2 protein chains.
Amino acid sequence: MTASSRPPHPRERRTAQDRRAQLVQIGLELLPTTPVQELTIDEVARRAGISRSLLFHYFANKREYYTAVTRAAADLMWEHLLPAPGTPPEEQVVGMLDRYVGWVETFRESHLAFVRGAGGGDPWVSEVYEETRRRLVEVALAALELPDDALRRQLLLAWFAFTEDLVGQWVHEPTTPRPELLELLRDVLRKVTER
Amino acid sequence: MTASSRPPHPRERRTAQDRRAQLVQIGLELLPTTPVQELTIDEVARRAGISRSLLFHYFANKREYYTAVTRAAADLMWEHLLPAPGTPPEEQVVGMLDRYVGWVETFRESHLAFVRGAGGGDPWVSEVYEETRRRLVEVALAALELPDDALRRQLLLAWFAFTEDLVGQWVHEPTTPRPELLELLRDVLRKVTER
DNA sequence: TAGCTTGTTGACCGTTGCTCAGCAAGCCGG
DNA sequence: CCGGCTTGCTGAGCAACGGTCAACAAGCTA
């Protein structure tokens, strides 16, 4: 987040860690306006005030860079959704759902662009997001205290796709009050898993 | 290094319509193996046995080309799913669902790659597929004889996201017999729309 | 001071999307 | 047969982008 105003001549030397973090941060800031894979190295380097070559010093290639950005975005969401340890099961699920809707509300385009980018095109990128979804399902499975079989996992993942889609539409056109949306999602989850 | 050969057929001259169709066809054939946006004009032109320039004679730019390819793919599916006129309502829905699963089963990677490509990255491309989904919802709404309000449409679209996701998983790991999958999907649809 | 480590750069290359001036294959009226 | 028109088609070439490489320079330590 440190402002990198560009003084005329002197070079700005940073530690490897700092530089990497800065580059990923720039990627995160660009994410809302640009499909991940379309970030140009030039643009990122320009914003960081460094040469293209330096970016390739930290990331072997473009893909490695934008998967790192994607992973950072996914981690941010993950940390926001994760329930505090010790929360009662039912509350865990409801809380995660509530925070998920909040997350989408807060970041709107930003988040939708991210999901879109994560779902499409590059398998390496989609793998990152799919892993996050799998982890979410893992948590939900435990919280719901459901038996763990393959079909149920598929259903939970599919329910998450349902939720993603519906919430994505809802933030653009809130067809029902927020609490009812949450109730509806919880209800569908119940009906989907109760078999 | 380019082909300096002028084989027996120095040049294959076609009508504009023919050429366009051929180019789109080549795009469709490449779709399973390559994310739409990553098709290279070079590759397509090479397969068609023409110069790159000619492709730009028929499509203003790359995007116009691959949205045309995407639209062609979407239309193929649409035509396959559309119920025959005169089919009784319930049968329409069940039939479409059945044919949808069949479609995914038949084309597997091909279809999943398509959906992935259509969902991600370029808004122009995703718009094409979203329009198809909207049309499907339109048909389903009529077939189910449900009142037509904004929330219900959202729910139907979200249910379709659920279906897409579940069927996509299921073809990779059939966790339940096919008829039960269909029943399950129909059941979830009922529960989602019965409010 | 020399010497090492390492953050950093500019010059260069191959590929790809895209443009443009013009060739060539049919088809017309004379 | 001929000139000219239309139109499918090409090759050379440009700009932008991803990626490589040898070398510079900013700090640290001996």
Side-chain angles (χ1 to χ4, degrees), chain A residues 2 4-27 30 33-70 117 121-122 124-125, chain B residues 1-27 30 33-70 117 121-122 124-125:
Chain A
T2 29
S4 50
S5 48
R6 187 87 175 110
H9 301 125
R11 256 193 281 193
E12 190 178 356
R13 202 185 166 96
R14 298 197 181 192
T15 68
Q17 250 191 349
D18 261 20
R19 193 58 93 186
R20 246 190 100 96
Q22 180 205 21
L23 292 174
V24 169
Q25 181 58 33
I26 289 175
L30 253 34
T33 60
T34 322
V36 209
Q37 337 188 8
E38 287 177 23
L39 298 178
T40 80
I41 299 292
D42 267 325
E43 173 72 3
V44 177
R46 206 177 49 72
R47 295 210 176 203
I50 62 171
S51 65
R52 273 190 320 253
S53 321
L54 188 55
L55 198 146
F56 285 109
H57 179 70
Y58 291 103
F59 303 91
N61 50 41
K62 190 189 180 181
R63 189 166 60 201
E64 200 172 279
Y65 171 65
Y66 66 60
T67 54
V69 173
T70 303
D122 194 329
W124 294 74
V125 173
Chain B
M1 200 113 51
T2 38
S4 50
S5 52
R6 271 299 127 85
H9 298 38
R11 216 176 269 188
E12 191 178 352
R13 203 184 165 97
R14 297 198 183 192
T15 69
Q17 252 192 348
D18 262 18
R19 193 58 90 187
R20 246 190 100 96
Q22 181 204 20
L23 292 174
V24 169
Q25 182 56 36
I26 289 175
L30 253 34
T33 60
T34 321
V36 208
Q37 339 189 7
E38 287 177 22
L39 299 176
T40 79
I41 298 293
D42 267 325
E43 174 72 3
V44 176
R46 206 177 49 71
R47 295 210 175 203
I50 61 170
S51 65
R52 264 171 319 175
S53 321
L54 188 56
L55 199 147
F56 286 109
H57 179 70
Y58 292 103
F59 303 91
N61 49 44
K62 191 190 181 182
R63 187 166 61 200
E64 200 172 278
Y65 171 64
Y66 65 60
T67 54
V69 173
T70 303
D122 194 328
W124 293 75
V125 174

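Just so we're on the same page: letters track the sequence lines, and every chain starts at 1. What you see is a predicted model; the values in this text were computed from it and never measured.
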**Request:** Return the value, rounded to whole Å, for the distance between atom CZ of B:Arg19 and atom C1' of D:dT7.
**Result:** 13 Å
**Request:** Could you check how far CD of B:Glu38 sits from C1' of D:dG18, rounded to whole Å?
**Result:** 13 Å
**Prompt:** Taking only residues two or more places apart in sequence or in another chain, which ones pass side-chain contact (heavy atoms from CB on, under 4.5 Å) with A:Arg52?
**Reply:** A:Ile41, A:Asp42, A:Ala45
**Prompt:** Could you state the CD-C1' distance from B:Gln22 to D:dC9, rounded to the nearest angstrom?
**Reply:** 13 Å
**Request:** Rounded off to whole Å, could you give me the CZ-to-P distance for the B:Arg46 and D:dT10 pair?
**Result:** 15 Å
**Residues which pass ring pair (Phe, Tyr, Trp, His ring centres under 6.0 Å) with B:Phe56, listed by chain and number, not counting sequence neighbours** = none
**Request:** Using a 4.0 Å heavy-atom cut-off across all strands, classify B:Thr40 as base, sugar-phosphate, or nothing.
**Result:** sugar-phosphate
**Item:** Residues in side-chain contact (heavy atoms from CB on, under 4.5 Å) contact with A:Thr33, at least two apart in sequence or another chain
**Value:** none
**Intermediate values then yes/no, side chain to side chain contact (heavy atoms under 4.5 Å, CB included), A:Gln37 and B:Gln37** = CA-CA 11 Å; A:Gln37 337 188 8; B:Gln37 339 189 7; over 6 Å; no
**Request:** Please state whether the phosphate of C:dT8, meaning OP1 or OP2, lies under 4.0 angstrom from any side-chain nitrogen or oxygen of A:Arg14.
**Result:** no
**Request:** Starting from P on D:dC17, measure out to CG on A:Leu39 and report it in whole angstrom.
**Result:** 12 Å
**Request:** Mind running a 4.0 Å heavy-atom check of residues 57-70 of chain A against DNA chain C and sending the residues that fall below it, in number order?
**Result:** A:His57, A:Tyr58
**Prompt:** Sequence neighbours excluded, which residues qualify as side-chain contact (heavy atoms from CB on, under 4.5 Å) partners of A:Val44?
**Reply:** A:Leu23, A:Ile26, A:Leu30, A:Leu55, A:Tyr65
**Residues in side-chain hydrogen bond (donor to acceptor under 3.5 Å, both in side chains) contact with B:Arg46, at least two apart in sequence or another chain** = B:Glu43
**Item:** Residue pairs fulfilling salt bridge (charged side-chain N to carboxylate O under 4.0 Å, His left out) with at least one residue in residues 57-70 of chain B, sequence neighbours excluded
**Value:** none
**Complete:** Across all chains, not counting sequence neighbours, the ring pair (Phe, Tyr, Trp, His ring centres under 6.0 Å) partners of B:Tyr58 are none
**Request:** Let me know the distance between CZ of A:Phe56 and P of C:dG10, rounded to the nearest Å.
**Result:** 15 Å
Would you tabulate the pairs of protein nitrogen or oxygen atoms and nucleotide nitrogen or oxygen atoms of nucleotides 13-16 of chain D closer than 3.5 angstrom?
residue	atom	partner	partner atom	Å
D:dG13	O6	B:Arg52	NH2	3.4

**Message:** Suppose we screen for side-chain contact (heavy atoms from CB on, under 4.5 Å). Which residues come up paired with A:Ser51, at least two apart in sequence or across chains?
**Reply:** A:Ser53, A:Leu54
**Message:** Can you measure A:Arg13 atom CZ to C:dT9 atom C1' for me and round it to whole angstrom units?
**Reply:** 12 Å
For nucleotides 21-23 of chain D, tabulate all protein N/O to nucleotide N/O atom pairs closer than 3.5 Å, reporting atom names and distance.
none

**Fill in**
note: B:Leu54, atom CG; C:dG17, atom P; distance rounded to Å ~ 16 Å
**Request:** Using side-chain hydrogen bond (donor to acceptor under 3.5 Å, both in side chains) as the criterion, list what pairs up with B:Arg19, not counting sequence neighbours.
**Result:** B:Gln22
